[in-house]
Structure formats: C-alpha cells, structure tokens
Amino acid sequence: MPNLSKKQRAFAKLMAGFISELYRMGYEVTFGDAYRDNETQKRKIASGASKTMLSKHCDRLALDLNLWKGGQYTSNPNDYRIPGELWEKMGGSWGGRFGIKVEEYAAKVGWDSNHFEFLG
C-alpha cells in the first residue's frame, strides 16, 4: 500500500496545481466523483455510467470535475478540451480521449470528458 499512498499524494498535489491553473485561465470547477467503493463502481457499470471495475476512482487516483465557464456550468464535452489537454501536458490522462482513435484527437472528444486521472 505505500506505493498507492505515494501515488495518491502525488495526484492530489498535481490536481491542486491543475485546478489553480484552471482558475487562473478563467474557469471554475466543482467536484464530481472522486473515490468510489466497489459497490458504487458496480452500480455505475450496471447503469452504463462506467465500463470497468478497474476504475482509478477506486484507488483514489481519478477525479471528475464539473466545469464552469463565464459563471455557467457546461456539460458540453468540447468545452473540456482545453482543460483536458492541459491535464495531459501536466502528465495526466484525460477521459476525453476514451473511446476515440489517436488520429481523431483533434476532431473528437471521447465519452468521459470530465474525467481526469493520474498516470504516475
């Protein structure tokens, strides 16, 4: 478990810097899903809201962020592109890439655009 704890702390630190940068850029955020126990994850799969029991949420290494632009909440996946690409530059994995081919990255956003997870 020490390795997992170390990753969780690194993720929290990286996420803090990411959120600070988003605010500097004029975005605001609220938190969606962070930690999920196995029962919650099973319910997410059953409802179609998740596709795997190997979700990084179960290890406290993922966070779903709700994005606000100009004081308005947005669920438009394309509005998450700039934050998602910033998160990738910082070393994370963005759910906006889930379900699409690499060659389509510039044109499409995948099925989980508000999901940000740790890669380290």
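Quick caveat, the model's predicted, so the values are computed rather than measured. Side chains included, hydrogens not; waters and symmetry mates left out as well; all remaining heavy atoms used.
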Q: Salt bridge (charged side-chain N to carboxylate O under 4.0 Å, His left out): which pairs involve residues 107-118, sequence neighbours left out?
A: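 Listed by first then second residue: Glu104-Lys108.
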Q: Regarding Asp59 and Lys7, does a basic nitrogen lie under 4.0 Å from an acidic carboxylate oxygen?
A: no
Q: So among Lys44, Lys56, Arg36, which one has a salt bridge (charged side-chain N to carboxylate O under 4.0 Å, His left out) with Asp64?
A: Arg36
Q: Within the supplied structure, the quantity of interest is the number of heavy atoms (other residues, nucleotides, ligands) at a distance under 6.0 Å from Ile82 CD1; does it exceed 12?
A: no
Q: Applying a strict under-4.5 Å side-chain criterion to I, L, V, M, F, W and Y, I'd like to know whether Val102 and Leu119 cluster together.
A: no
Q: Indicate whether any N or O donor in one side chain lies under 3.5 Å from an N or O acceptor in the other, for Ser5 and Arg9.
A: yes
Q: Would you kindly confirm whether Trp94 and Met90 end up in one hydrophobic cluster when ILVMFWY residues are joined by side chain heavy atoms under 4.5 Å apart?
A: yes
Q: Report the distance from atom CG of Asp33 to atom OG1 of Thr40, rounding to the nearest 0.5 Å.
A: 8.5 Å
Q: To the nearest 0.5 Å, how far apart are CG in Leu65 and CD in Glu28?
A: 13.0 Å
Q: Describe, in one word, how the ring planes of Phe11 and Trp87 are oriented to each other, choosing from parallel (under 30°), tilted (30 to 60°) and perpendicular (over 60°).
A: perpendicular
Q: Please find the pair of heavy atoms, one from Leu4 and one from Leu61, that lie closest to each other, and give the distance.
A: CD1-CD1, 3.8 Å
Q: If we only count heavy atoms from C-beta on, is the Thr74 to Trp68 side-chain gap below 4.5 Å?
A: no
Q: Hey, any chance Phe116 and Met25 share a hydrophobic cluster, counting ILVMFWY side chains that come within less than 4.5 Å of each other, even indirectly?
A: yes
Q: Heavy atoms, side chains only, cut-off 4.5 Å: are Trp111 and Pro77 in contact?
A: no
Q: Determine whether a donor-acceptor pair (N or O, by modelled atom type, separation under 3.5 Å) exists between the side chain of His57 and the backbone of Ala34.
A: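 Checking the backbone N and O of Ala34 against the side chain of His57, a donor-acceptor pair under 3.5 Å is found.
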Q: Quick one: do the Gln8 and Arg60 side chains pair a donor with an acceptor below 3.5 Å?
A: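 There is no such pair between these side chains.
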Q: Dump the intermediate steps for salt bridge (charged side-chain N to carboxylate O under 4.0 Å, His left out) on Glu85 and Arg81, then the final yes or no.
A: CA-CA 6 Å; Glu85 290 176 352; Arg81 180 177 295 282; 3.3 Å; yes
Q: How about Lys69 and Tyr27: do any of their side-chain heavy atoms sit closer than 4.5 Å?
A: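 Yes, side chains in contact.
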Q: Under 6.0 Å from the CZ atom of Phe31, do we count more than 12 heavy atoms belonging to anything else shown?
A: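 No.
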Q: Are Tyr105 and Tyr80 connected in the hydrophobic side-chain network, where two residues link if heavy atoms are under 4.5 Å apart?
A: no
Q: Quick one: pull up CG in Leu14 and CD1 in Ile19 and give me the separation to the nearest 0.5 Å.
A: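 It comes to 10.0 Å.
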Q: Distance check, rounded to the nearest 0.5 Å: Asn76 atom CG versus Ser113 atom OG?
A: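 Separation between the atoms: 8.0 Å.
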Q: Indicate the atoms forming the closest heavy-atom contact of Pro83 with Leu67, along with that distance.
A: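 In this case the closest contact between Pro83 and Leu67 is CG-CD2, 4.1 Å.
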